[in-house]
Amino acid sequence: MHCKHVLSVLNAHSTLMCRYAEVESNCRRVVWIYQQLGTPTNSKPVTVASTMQALALVLLGRASEAEMIANSCLEAAKQLPGPAAERSSFMASCYNCLGEVLREMGRLAEAEAAAREGLALRTKVSRQLLNLQQVSMQAVNAQTDCKHIFLRS
């Protein structure tokens with residue numbers, strides 16, 4: 001009985017490892033396609049695909065390769081065009097990815113620092129979105145007040 005359980009766990013692990021390899025390969029292919037199309041490396045699709053590739057590499061036990069990709073993703077995310085909140089969100093994901101890579105490599109102090117940076121950015125983005133939501137609600141309330149005043153006139 002015990003032997004069957006061990007074999008089933010090993011088979012499940014083997015299947016997962018094949019899937020991680022598939023994910024890594026597909027993400028690498030996506031990045032290559034975007035590069036062939038002339039898409040800048042600091043574009044959102046390339047950054048997302050590269051981050052996923054780095055995480056798959058970690059799960060495959062190839063953390064040193066993942067570290068290079070995670071650092072490149074972070075630098076690209078810092079250069080993303082568009083709203084600051086969106087850029088910060090991408091940067092937070094990259095910091096979290098880098099933290100996972102560094103944790104896997106046993107570089108715990110660096111991993112913690114990266115994870116804390118990602119958390120700080122997520123907190124900042126959440127506050128910005130909450131403020132935006134509050135401002136939007138105030139605008140809706142002001143419009144409603146104006147309608148009531150207009151209707152009474």
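Side chain of R87 to main chain of G82: a donor-acceptor pair is present (N/O by atom type, distance under 3.5 Å, no hydrogens or angles). Not one N or O on the side chain of S89 forms a donor-acceptor pair closer than 3.5 Å with the backbone of A85.
Nearest heavy atoms, A54 versus C97: CB-SG, 3.7 Å. Here the closest heavy-atom approach between residue V58 and residue V101 is recorded as CG2-CG2, 3.3 Å. The minimum heavy-atom distance linking T51 with C94 is given by the pair OG1-SG, 3.8 Å. The two residues V125 and S88 come nearest to each other via the heavy atoms CG2-CB, 3.4 Å.
In this structure the side chain of R29 reaches within 4.5 angstrom of the side chain of S25, judged on heavy atoms. For the pair N71 and E75, the minimum side-chain heavy-atom distance is 4.5 Å or more. In this structure, R103 and L108 have side chains that are in contact, with non-hydrogen atoms separated by less than 4.5 Å. Counting heavy atoms from C-beta on, the side chains of P45 and V30 never come closer than 4.5 Å.
For the atom pair SG of C27 and CD of E22, the computed distance is 10.5 Å after rounding to the nearest 0.5 Å. Taking CD of E65 as the reference point, atom CD of E24 lies at 7.0 Å (rounded to 0.5 Å). In this structure, T123 OG1 and L119 CG are separated by 4.5 Å, a value rounded to the nearest 0.5 Å. Atoms CZ and CD1, on R62 and I69 in that order, are 8.5 Å from each other to the nearest 0.5 Å. In this structure, OH on Y34 lies 11.0 Å from OG1 on T47, to the nearest 0.5 angstrom. Here S50 contributes atom OG and L55 contributes atom CG; the two are 11.0 Å apart, rounded to the nearest 0.5 Å.
Clustering of Ile, Leu, Val, Met, Phe, Trp and Tyr side chains at separations under 4.5 Å places L121 together with L74, M91, Y95, L98, L102.
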### Query
What do the steps show when you test V31 against Q35 for side chain to side chain contact (heavy atoms under 4.5 Å, CB included), and what is the final call?
CA-CA 6 Å; V31 171; Q35 288 172 339; 3.7 Å; yes
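A donor-acceptor pair shorter than 3.5 Å can be found between the side chains of R122 and S93.
Using a cut-off of 4.0 Å between Lys/Arg side-chain N and Asp/Glu carboxylate O, R107 and E67 are scored as salt-bridged.
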